Amino acid sequence: MSRAMNLLRPLVLLAALSLAACGGGAETKENPIINQAPVPDYTGPAASTPDIQAFKINLWENLKASNRCGGCHNATGQSPRFARNDDVNLAYQDALALVNLTQPDMSRLVAKVSGGHNCWLSANSACGDTMTVWIRNWAGAVATGGKTIQLVAPPDRSVGSSKTFPTDSALYASTIHPLVRQFCSRCHASNAGTPVSPYFADANVDAAYAAARSKINLDNTSLSRLEVRLRDEFHNCWGDCATSAATMLQRIDAFANGVPLTQVDPSLVVSKALTLYEGTVAAGGNRYESNVIALWEFKTGMGTTAFDTSGQEPAINLTFSGDVSWVGGWGMKVGAGGKAQGTSSASKKLADRIKATGEYSIEAWVAPANVVQEDAWIVSYSGGPTARNATLGQRAYQYQMQTRSNKTDANGAPFTLTKDTDRDAQASLQHVVLTYDPVNGQRLYVNGVATGDVDRAGGGNLSDWDDSFALVLGNETSGTRPWTGVLKLVAIHSRALTAAQVRQNFDAGVGERYFMLFNVTQLTNVPQSYIMFEASQYDSYSYMFAKPTFISLDPAARPGSLPLKGMRIGINGVEARVGQAYVPMDVMINDSNYAPSTGQPLGGIGTVVALEKGPSNDQFFLTFERIAANSHTVTEPPLAPPAAPVDLPPQSQVGLRQFEEINASMAAMTTVPTTQTEVKSTYDLVKQALPQNESVEGFLSAQQVGIAQLAIEYCNALVENSTLRGAYFPGVDFSGSASALFGTAGARDQVFNPLLDRMLGVAVGTQPDRAAVRGELDSLAAKLSSCGGSCAADRSKTIAKASCGAVLGSAVTLLQ
Amino acid sequence: MMRAVSTEQDGTNQVAKMSVSIGKLTCAALALGLLAIGIAQAGSREQAKRMHDRIAGVPPSAAVLDQMAAEIAAGRPLAAANIAMQSSAFYNVTLKNFVAPWTNREQSVFVPLNDYTATVIGMVRDDEPFDTVLSADILYTAPGASGVAAYSPSNNDHYDQLEQTGADLKTVLVKQTQSGLNGIPAAATAGVMTSRAAAQAFFIAGTNRAMFRFTLMNHLCRDMEQMLDTSRPPDRIRQDVSRSPGGDSRIFLNNCIGCHSGMDPLAQSFAYYQYDETLARLVYTAGQVQPKYFNNSDNFKPGYVTPDDHWDNYWRKGPNQVVGWDIQLPGSGNGAKTMGQELARSDAFAACQVEKVFKTVCFRAPADATDRARVQVIKSDFKAGGYKLKQVFAETAAYCMGD
C-alpha cells in the first residue's frame, strides 16, 4: 500500500505541474505515448540516431516478424532488406528508399501491400492503411505539418456519350437478377442465413438492382465487379470459374445492350470530363492522432470485417453481424439489430492503455438514422446491458455517456445526458467526441464544440475497468441496445483530447476527398486553366461538390477578364437534374481576384449530386451558360399542361351552424345578449362540444347535448328577465297558472307564436313545417302542465322555457 | 339542461320527461328541416334566408329578411348580400372564425381574438385592398372600446377583452399603423405577418420557415408538398438542412430539396424578425440576421449562410409558375414587406381568397366545371375591383343562395 502511494506521489505532482502549465508560462507539448518496443529478440547494434530509433519503434518492430515482411526481406533474404533483424541501422538504410515521409500514403511499401503483395490481412487496403499509419508515426511531425498539395492535371478526355442506368429495375429483373438469385442469394440477400452486403441477389428486385449498380460497368462490361469476382478472384463460382464468369458477362452484356447510349447535347458549352478518382487526392486534413489506440475508417467496402488501422497492436478488427453494410465513400451502415464487434482479447488493449493513462476519448463521425431511437449504443466497450467500461449512446435528440469509474457503479451509472432542449443529436453526419479525464469526468463535443454538459458522477479513476469486455459498434454485446445509422470513422484515444484537438479533428473532416480539375482551357484560352472542385463521395447515393475555384496550373498564366455564368454539373453525358447549385453563379474572373497559387474562389456553396454508376465510372463535366466568349442559352422545359380538374362527388347543400354561429343565432332569436352572465358561462363550458365546422357529416349526438344545454340557458335568461320577457311575449303574465296559460290553443298562441315567428321565421319554405312544430309544442305543453292540480308556482315559466328550448335547440338553429 | 334542473321544483322526473320531449322534438325538427330544405324550391325569401345565414351566421330579423327578399326578387342579389353584411355577426362571428385558424399552428378556431384577426376584419369592413394584407403598415385596434385594456404590443389583453365584452367589431375597430403602435420601422411592417399573433405563432423559436409555410397555406392555399420542385438550384438552402438525413442523401435529393430550394430564399426575407418570448412581442433587428438562421450550421458546412434579408423567388421558373406570379414585380427584394407583396399579388393568392370564401359561404369546395367557372369569374372581379373581400362574399353568396 505504502509503495503504491509512493508511486502515485510523483504522478500527482506531475499532474499538478501540468495543470499549472495550463495557467501560463511557456507552451508545453504533451509527450506522445509510444509503445514500448518489445525487443528481447533483437541483439544487434543500437539505433545510431533518433530517426533510426523512431524507425525502429514505429515501423521496423511491426515488419520484422517472420509472418510479415521479415519472412522474406530479412538479413539473408530478398532485397530490399528493410526488415532485417541483425542490424536495424542497415534495415533503415534500405527502408529509406521505400517510404515517402512527407506523404506516407504515397510510399512504395504502402503501394506494395495495398496491391496485394503479401498482405497479412484479408483486405489489401487495410494493410495499406496500417502501413501508412506506421510510416506516419515514424515520420512524426514531418508528415503532420502543413503541406502543399501538388495539383495534378487529369487525363485529357472529352465528354463522351455514355450509358446511364435506367431508373426502372425491369431490365435487371429480366437479365442479371435471375442468375444471381440462383447462385448468389445464399449470401447476397437480406434474408440469407448469413447475409453479406451488397444484396444484389435480394428477392426484392428494386433493392437488388440498387445494390448491383455499382457492380456493373455499363461502358466496359468486362470490368464489372460481378464478373471480375468470378473470373479473376474465383469468388464462389458455381462450377468452372471461367464458365461462370462467361455466363455472368453474357447477362451483363444483355443488360448493357438494353440501355441506350446517352448523347451529349452538342449545343452545350462543356468542360473536359473526369471521374472522381481521377482527381488529385486531397490528403485528409491533419488529424490529431498522437494517442490513438484504435481506429476504424471503414475503407474496405467489402466483406464482413472492419479493420482497426490504428497501427497499434493487436488490431481490434470488428466482425459484422446482423444488418450491417458498407457505405460508399467510406463508412458502415448499421441497420436494425446489427452490430460490429471485436474480440475481447484484442479489445483488452483498450483497458490496458486507458487504465495506464486514466483518460480516454471516443471519437466518431456518426449519422444517426433518426432522432427517436433510445437506449441505442453507438460505441460501447462493455460486457452486457448492465456491465461496461465506457459507452457512447443516443437517446432521441440526446447523446448518452456512461463511463465506469470509482465514482460510478459497474454500469457507469449515474449516466450523463446532453441537455434535452439542446437537441445535440441530429439525423445528419456529426462529429461526436466523448472525452474522459480524472478532473472533469465525461465531456462531449459535437461538431467541434463542447456541449457544456457536466458529468453527473464527476471525474474519477478508471482502474476498475474490466479487460474482458469487447468493443462493439451499433449495439450492446448482447444485441439488446440496437442503434441505427451510419458510422464513417471511429477512433479511440488513450488521452482526453483537448478542445483544440477535437476542433482539429472536426476540421479535418472525414472520408476521401479529391480535387477535381475540370479543364476549361479551350473555352478560356488561359493555359492549363481549370474549374476545380473539392469533391467526395458523400454517402452511398451521392457526391458532394464544394469550393469551386478557377485555377491555372501554369504559374505564369493570368485569367485577364473572364465572365462565368450559369455553371452546371454534368454526369454521364447529361446535366444532373437535381442539385445544380451553381446555376445562379454570375462572376467575373479577373487578375485582381486571382492568385497563381490558390486561383480565384467562385463562392463557398457546396452541393450534392446523385450517384449513378459509382465513383469509378461516373464521368463528370461542367456546362456553362457563359464562360469567356462562349455562351449557351438555357431554356427551361415547357410546363406540362395542368391536369384536368376532377369533379368532386356531390356535396351537401346545407350545413350546420358552428359553435359561435349557434351562440350568436340563439342570442338573435331570443334577444338575450351573448354576454349575459349565465349564458356566457354555459357557452364557455359547452363551446368545444358544439360543431366546429359546417359539415353535416360531422354531426355528433354529443353536439346536440351541448346545443340543448345552451338553448335552455338562453330560454331561461329570456323568461327570467322581465324586460326581455315582456318585449318578447307582450301581454303574457307568466305568474298565471299553467293550465290558464297553456290550457287553450288561443292561450298558447300568445307564447308559441312569438317563439315560432322569431325562430322559424315567417313564410320561409325551407324552414321546418310550422304546424308540425306547433303540434310538438302543444304536446309538450300538455304533458308539462299535467301536474295533477299541484303545479308549482313557476310551472308556467318552466313550460315556456321548455318550449323555447325545444325550438331553439332544434334543427331550426342548427341547420343553415 | 343545468338551468332547467335548478328551476325545476318538483323533482327530476319532469326534467327527464322534458329532456325526452326536447330530444324528440329536436330529432323531429332536424328531420323536418332537412326534408324541407331538401325538397323545397327556393323562392326569394328562402334565398334571402340562406344568404343571410351563410354571410352572417345568424338568421335575419323579419325586417331584414323582407328587405333582402325584395332585392333578390328584383334581381339584385348583390344588394341583398350587402344588407346581410351589415349585420355585426358578419364581423363578430363569420369573419372572426374565418380568420382565427390562420393565426395559430394548430389551425384551431378556438383561439382568442387577436390583432391578426382584428386587422383582417377591419380591412374587410373598410374595403382595404386585400392584396396588401401581407405587406401594409396596418393594424386595427379599438381605442374607444370601454372596459377594455389599451392596446399593447406585448400582450393580447386588448383583443381578449374586446371578445369577452362582446364588443361590436363592426363599429369599434379603428385603422392604425404598426409602425406607430409597435415602434417597428414602417418599412419592416408586412401586414398580418408582422402582427403580434402571427409572430407569436410563427416567428417563435424554430427557423422562421414556419411563417412562410403557414402564410403559403393560409393565403395561397398550398402546403409545401404542392410546391415540390426538385429542379430549382439548391444554393440558398441553409446549413441546417441535412443533405444526407440519417445517412441517405436520396431523401434530400428527392424530397427536402424540392421545398427548401424555393422556400429558403423566400424565407430569408424574415431574417431580421424574432418573437421574443421574454418580452412577449415581435422584435425586429435591422441589419442583424437572427441567430436562428445559423442553427445547426454544422449539418452541412458548405450550405448557405444568410448574410441579410434579401429574398429571391426561384419559383418564378419551373412548374411553380402556375402560381401566377405578378410579372410587374421584380421577383426579388429585401425584407418581408416586398416578399409579402410577391405572394399577395400572385394569382394563387386571389384564387385562394375566393376558394376560402366559397367554402365558408357554400359549405363545400368548388365541385364541378360550373363551380370552377364561377370561381374564376369571382376571382377576376376580385382583382379588377380592387381586392375587396366583401365583394367576394357577396358574389359567392349570390351564387350559393339556392335555386
Side-chain angles (χ1 to χ4, degrees), chain A residues 367 369-370 426-429 447 485-486 538-539 541-542 546 578-581 583-584 605-608 610 636 639 645 647-648 651 654-655 660-661 664-665 668 674-675 688 692 694 708-709 712-713 716 762-766 768-769 772 776 780 792 798 802 805-806 809-812 815-816, chain B residues 1-4 7 9-10 17-18 21-22 25-26 28-30 32-33 36-37 40 42-43 45-46 49 53 57-59 62 65 89 93 97 109-110 166 230-231 233-235 242-250 253 257 296 298-299 302 304 317-319 321-322 363-365 367-368 372:
Chain A
N370 58 63
Q426 298 275 324
S428 64
L429 187 64
N447 291 332
V486 170
Y538 195 52
D539 59 20
Y541 312 103
S542 69
V578 180
Q580 297 290 5
V583 171
I605 297 296
T607 190
V608 291
E636 291 261 342
L639 278 185
D647 286 353
L648 302 178
Q651 300 168 80
V654 298
E660 197 150 23
E661 291 172 339
S665 295
T674 56
T675 48
Q688 302 213 17
Q692 286 187 34
E694 290 85 1
Q709 252 179 287
I712 287 291
E713 198 60 70
N716 180 64
V762 178
V764 181
T766 47
D769 180 66
E776 291 283 349
L780 179 67
T798 303
S810 74
V812 168
L815 289 178
Q816 57 172 332
Chain B
M1 291 315 289
M2 291 168 69
R3 178 56 51 186
T7 54
Q9 298 296 310
D10 52 358
K17 280 181 194 167
M18 195 169 80
S21 297
I22 292 169
L25 182 67
T26 304
L30 184 63
L32 283 169
I37 292 168
R45 289 186 69 80
E46 288 75 24
K49 168 78 166 61
D53 277 354
V58 298
L65 183 65
V93 179
N97 289 293
V109 285
F110 296 115
T230 56
S231 63
D235 63 310
S242 172
R243 267 59 167 184
S244 181
D248 188 344
S249 55
R250 290 176 299 183
L253 291 168
I257 198 173
N296 294 314
D298 289 317
N299 276 1
Y304 186 68
K317 290 182 180 172
Q321 289 174 59
V322 297
F363 298 162
R364 60 190 173 83
D368 55 22
R372 289 190 288 270

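Just so you know, these numbers use all the heavy atoms, side chains as well, and skip hydrogens, waters and symmetry mates. Here the structure is a predicted model, which means the values were calculated and not measured. So you know, we letter chains A, B, ... as the sequences are listed, proteins then strands, and number each from 1.
- For B:N296, the part lying under 4.5 angstrom from a heavy atom of chain A is the side chain only.
- Using a 4.5 Å cut-off between heavy atoms, A:Q580 touches chain B through its backbone atoms (N, CA, C, O) alone.
- Residue with the most contacts toward chain B among A:P584, A:G579, A:A367: A:P584 (heavy-atom pairs, distance under 4.5 Å).
- Residues A:S542 and B:S249 have side chains that bring a donor and an acceptor to within less than 3.5 angstrom of each other.
- In this model, no donor atom of one side chain and acceptor atom of the other lie less than 3.5 Å apart for A:E694 and A:Q816.
- The greatest number of non-hydrogen atom pairs below 4.5 Å with chain B, out of A:A610, A:A369, A:A427, is found for A:A427.
- The contact between A:I605 and chain B is made by backbone and side chain atoms together, counting heavy-atom distances below 4.5 Å.
- Across all their heavy atoms, B:G247 and A:V486 have their closest contact at CA-CG2, 4.0 Å.
- With respect to the salt-bridge test (charged N to carboxylate O, under 4.0 angstrom), the residues A:D647 and B:R372 qualify.
- Rounding to the nearest 0.5 Å gives a distance of 8.0 Å between OG1 of A:T607 and CG of B:L253.
- Within the 4.5 angstrom heavy-atom criterion, only side-chain atoms of A:T675, from C-beta onward, approach chain B.
- With chain A as the partner, the residue from B:A89, B:A62, B:S244, B:S231 showing the most heavy-atom pairs under 4.5 Å is B:S244.
- Interface check for chain A: of the options B:D248, B:D298, B:D368, the most heavy-atom pairs under 4.5 Å are formed by B:D298.
- With chain A as the partner, the residue from B:L65, B:I257, B:N97, B:V109 showing the most heavy-atom pairs under 4.5 Å is B:N97.
- Nearest approach of B:P59 to B:D53, heavy atoms of both residues: CA-OD1, 3.2 Å.
- Taking both residues in full, the closest heavy atoms of B:V58 and A:S665 are given as CA-OG, 3.3 Å, listed atom of the first, atom of the second, then distance.
- Using a 4.5 Å cut-off between heavy atoms, A:A664 contacts chain B through both its backbone and its side chain.
- In summary, the side chains of B:S242 and B:N299 do not present any donor paired with an acceptor at a separation below 3.5 Å, with no hydrogens or angles considered.
- Contacts of A:N447 with chain B are made by both backbone and side-chain atoms, with heavy-atom separations under 4.5 Å.
- For the options B:V93, B:V322, B:D235, B:T230, heavy-atom pairs under 4.5 Å to chain A are most numerous at B:D235.
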